[in-house]
Amino acid sequence: MEYDFRKIEQEWQEKWKANKTYKVSNDAAKPKYYVLDMFPYPSGAGLHVGHPLGYIASDIYSRYKRLKGFNVLHPMGYDSFGLPAEQYALETGQHPAVTTENNIATFRSQLDKIGFSYDWDRQVRTSDPNYYKWTQWIFLQIFDSWYNRITSKAARIDELLRIFETEGNINHISPGDKAFQFTADEWEDFDEKRQQEILMDYRLAFSSYGEVNWCEALGTVLANDEVVNGVSERGGYPVEKKKMRQWYLRITDYADRLLEGLDRIDFSDAMKEMQKNWIGKSQGAEMDFAVKDHDQPLRVYTTRPDTIFGVDFMVVAPEHELVSGITSFDQKAAIENYLTYVKSRSERERLAEVKQITGCFTGAYAINPFDGKEIPIWIAEYVLAGYGTGAIMAVPCGDQRDFLFAKHFNIPITNIIGDHFNGEAANATKEAILQNSGFLNGLLMKDAIGVAVNRIEELGIGKRKVNYRMRDAGFSRQRYWGEPFPIVWSDGIAIPLDAAELPLELPHVDKYGPGPNGEGPLANIGDWVNLDLTPNPSTKERGTLPYESEELNSTVTVAGEQGIEPGYFNSSSNEWRNTLSFAKENRKGQTEEESIIWQEIRNRKIDGFKFRRQHPIAGYIPDFVCLEKKLIIEIDGEYHNGEDQKRFDTARQNWLKENGFEMLRFTNEQVNGHLKEVIRDIAEKLNEKKPELKEATVSENEKRQPLAGSGSPLFWRGAGGEVKRETSTMPGYAGSSWYFLRYMDPGNSQTFCDRKASDYWGQVDIYIGGTEHAVGHLLYSRLWTKILFDLGYIGHDEPFKKLVNQGMIQGSSRFVYRVVIKNLMNEVYELKQHPILVSLTYYNNFKNGSLTFKNIQDLINKNSLKTQFGIDRLPNNYNIDIVPKHVNVNIVDGFELNINDFRKDIFNKEFKDAVFILEDGTVSFPEDNSAEINSKYICGSEVEKMSKSKYNTVNPDELVEKYGADTFRMYEMFLGPVEQSKPWDTKGIEGVHRFLRKLWRLFYDDMKGNVWTNDKATDAELKVLHRTIKKIDEDTERFSFNTAVSTFMICVNELADLKCHKKEILEPLLFLLSPYAPHISAELCSLIGTAVSPIGEDATNSVYPVFNPALLVESSKEYPVSINGKVRTNINIALDITQADVEQIILQNDVVQKWLEGKAPKRIIYVKNKMVNVVI
RNA sequence: GCCCAUGUGGCGGAAUUGGUAGACGCAGCAGACUCAAAAUCUGCCAUUCGCAAGGGUGUGAAGGUUCGAUUCCUUUCGUGGGCACCA
């Protein structure tokens, strides 16, 4: 029985699948461990050998932890929304859902072959409605939240409403418009729309007009991290700034917590550094400078207030609001010129060109508050409107840009740092002693910063200020293949859908092109966008509304029938407009009595209950309503006597009653004469009525209705006017910002993840993935986790405890070198029928000039190529060039090209009749491939990113087929440290395969059959085993899989040398090996009959071999003995020996004697268990 | 320009806390077995001087700390990555 890996691996994989060996339960009996891979985007190209690297590492670790007795969550899924599927749809018309499905099937079959221990029952896909239902739901929770800067925590909009109603916004300045303040009374007087606009400014997911990165070619906006050097990360298309309405996540509010959280998680320094950079926190001060002859001061932001006396000019951004006001008459024309110039330049031009110094003087002067110096104010594009205050104080002796600017425009430079400034370049030191600096003279700069800020604050002209480079995260895309926003727009107000209505599924579209006005494809589907608010038309006529006029001639039906959702209208949006405007009119046309009541009940004057006036409920507009208690108050007028009106009153009262509303009616006389009693009646009613709306709790979060801040659901449900769906979709990072939570409780239809499940699994213990997500995915996941934590849905605020970044496996590209003929205009005449390819040496010689144009001509002539292949039809004057061309690495053996395979290669059809000039100058013609050729065609090589277009991808399927999954897994690990990038080289895989076969032979010999025995192990064999146990355990724990593989090799080599075939030794070895090579381990375990299988089924016991240090104890050691630090000999010395004894033994040694040449040593250093060093 | 990695044989890499540099594997060379091939096994394999014994040099380069440095410090060069008018 030989090592038939194909059969073994297939059998075991089927067995594991049938037995659901890797099914994980949320059973809290065992300690948990969560090992997560970054889930892949299922691209059409399939896997290459670089993809599984991280998956194998995490699989080894999961299996290892499982053996050690942990309940290990190790799931896999797909990040299946995204641009490429949609681009593909645009080109081919294939629905993204279809291509995505196909791609996933390919991925899955490739993954399955490698023998992963995923619990596939927990699979998630971001594009699955059952998944994105909860992405939408979480979005709604974020929408329903604001950031309380006092408690540094997200809270519900409800709470903010209450604050506004009691104290206005004095304690919670709007993040949108910082200068905007209102009192509680003012808040009550704002109409609904205004209130909603204000609330929108506070929401953590908010919509606003802003400058966005618009990519015309992709037809969408992009987040900052999706734009690289002014072009789109995907596709490299130009990106411009554009003002559009967009959704954002208020990540800036979390800047500090995102920074602080980094201290509590185990990410690499590089990764933390990148996130810190992205957040870009800087400490400094904001201060006002008076502007000469103007009232408004100029506010600047600086991190170096200590340089205040070195300010020689001011620079404000061209877009700064003060520019037009302060520009002097003389400078007006120049400034306008400059502004025109700035506007004409795109973002890309600004980034692309060599830094130019441009700017223009405004003619205005700021006054230095400390010495009264007049400081000219300039504008220049190097100052950005969006950062700080959009204005800086320029200190040319300390800042290089300011220095260059001053030099360029001949602005005199004040030196405040003495010798530290040489007049040639600025010096940004903080170590200099200040000079020419008034009250700061003689202070060290870094000490002066605090002193200066204190003085600035004392004078009331500025204050300490922290600034962040990070901007709020754009959260909408004008694309199709993403989560639709669960939002409808009515009269400019964003109205969230109800949780019960989720998922809002992606509608089908016929074409994927952009919609009108920069909107996404969804905007093209009129039926979907324009909401039909007549889902349940009623036939029951209940009368006309009181305000209905003859001209409108329409009817509104209050839904009162069985089975009909309350609040829906079977009327057009026109009629809704009427309802709203009617309600508004009513507010204006309040009667005297209504005003009296309103003064008594507004602002929660009755026991804290909130009343609204003229607030529509279904088709009915009551005078006052307390939604919380469903209590309506009517002050009767005299219009209730008409026939229609009576029917209407009856119908609506029945409807209101059915829906839990109670009504109190008072007459005008009661209000005028018995106000106290009226109010008392209202208060009593309020207090006796049980609340209808439950407070939200975590487990009942879905029942939470209405969404706070949106007013009555009844109102918004039927909201009239133009009611349209949001047509943007969410960006790629939406679904990936919380998928690690869904794995914990993937099937839950009640909530995104039960709190019990998330409390059990908690943080991801090990997260493995590439560095490319440093600021995107990882930052957003951390943000969502923090928000969900603040809102009480989960119990931890950092998603990933430890992050391991796998390195990139690069491709080792191979090149052939093609001779091309060019005419003098450098136009290429390709030798189409018989292209000539020369071997590497020719190319190198050509590059370094030792092979000339003439040589190649000769070469061509000498081999009669000219006549044979029609090269004589060349232009009269021509040049020869040799150009490299990628060649499929799979047909190159090392560096030697397989010429016949090359001619047959489907990727290179044009070369099927190519002529090769080999290393020694021999020519290989297409016809004579039978002829014996001694020379070779040698390819050039280069290490590059592995990609299809470079023909350097290696498909894991083929390797698994040829060597087996176990060999493949171990070889990927053996390549080098997981974190390190390294080039792929298939050749070495043989060595690993040999190792597994050698292991197999410890159990089974082709000649002798079974060779394993039940004999008792010797000390030497136990020593080998326990050294291995120790090393494997340590290496696996610290993710050093490459050294672990080599340890296995050493162990098997040693056991083979010892001719050890003993079960006592081999069984523990198989357990150690099973995370790395699960199939062969399982097979051999069943061969020798182990008590439990190392693979999962019996993971209730901790079955991992335990290291016994006693077996490795030695009594003596071969000490390396060095003379003056150079090892000269080895001496065996007992371990429990004193320094004096060691010295004696050492000095008697021949080698040491020889080096001492009779002299006495200066010193003998003896480090127990390490070495001995003799100093002469 | 700034920040972060990283640099060891022909190649991938090892040396975990400053203690025998080059483990393990690939490639290569020599040999055994074989009609032959495959498979397997044995030996050699940083470089240099030497028949050998043995010695010199050697972890990008130059300095330093130390009895001892791939490891720590300073300077510098190369490579890879991130950020880039961020005041």
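Order of the sequence lines sets the chain letters (A, B, ...), proteins ahead of strands, with each chain counted from 1. On a predicted model such as this, the values are computed, not experimentally measured, just so you know. The basis for the numbers below is simple: all heavy atoms, side chains too, and nothing from hydrogens, waters or symmetry mates.
Residue N277(A) has no polar side-chain atom (N or O) positioned under 4.0 Å from OP1 or OP2 of A84(B). Between N1042(A) and A14(B), a side-chain N or O to OP1/OP2 separation shorter than 4.0 Å is present.
The aromatic ring centroids of F403(A) and F405(A) lie 6.0 Å or more from each other.
G55(B) and A38(B): their C1' atoms are spaced 45 Å apart (whole Å). Atom name P, nucleotides C4(B) and U76(B): the rounded distance is 15 Å, in whole Å. A69(B) and A21(B) have their P atoms separated by 10 Å, with the value rounded to a whole Å. Distance check on atom C1': A87(B) versus U6(B) gives 32 Å, rounded to whole Å.
At a threshold of 4.0 angstrom between heavy atoms, the contacts of K1162(A) with the nucleic acid are absent. Nucleic acid contact class of Q400(A) (heavy atoms, under 4.0 Å, all strands): none. Using a 4.0 Å heavy-atom distance criterion, K281(A) is classed as making no nucleic acid contact.
Look at K446(A) and D306(A) and you find no salt bridge, because none of the NZ, NE, NH1 or NH2 atoms lies under 4.0 Å from a carboxylate O.
Residues passing the side chain to side chain donor-acceptor pair (under 3.5 Å) test with K1170(A), sequence neighbours excluded: none. By the salt bridge (charged side-chain N to carboxylate O under 4.0 Å, His left out) test, R464(A) is found to be paired with E457(A), residues two or more places apart in sequence or in another chain being considered. H320(A) meets the ring-ring contact (aromatic ring centres under 6.0 Å, His included) test with no other residue; sequence neighbours excluded. Qualifying salt bridge (charged side-chain N to carboxylate O under 4.0 Å, His left out) partners for D4(A), counting only residues two or more places apart in sequence or in other chains: none.
If R997(A) and R469(A) are placed on RNA chain B by their nearest nucleotide, the residue sitting closer to the 5' end is R997(A). Taking for each of Y387(A) and V1045(A) the nucleotide of RNA chain B with the nearest heavy atom, the 5'-most of the two is the partner of V1045(A).
The nearest whole Å value for the distance from the NZ atom in K276(A) to the C1' atom in G81(B) is 18 Å. Regarding Y3(A), its OH atom lies at a distance of 22 Å from the P atom of A38(B), rounded to whole Å. Atom CG in D269(A) sits about 15 Å away from atom P in C3(B), given to the nearest Å.
A heavy atom closer than 4.0 Å to some atom of RNA chain B occurs in I1165(A), V1167(A), K1170(A), M1171(A), N1173(A), these being the qualifying members of residues 1164-1173 of chain A.
Closest contact between the side chain of M1049(A) and the listed nucleotides C86(B), C4(B), G25(B) involves G25(B).
Sorted by first and then second residue, the salt bridge (Lys or Arg N to Asp or Glu O under 4.0 Å) pairs with a member in residues 1037-1061 of chain A read K65(A)-E1037(A), R1027(A)-E1054(A), D1035(A)-R1038(A); sequence neighbours excluded.
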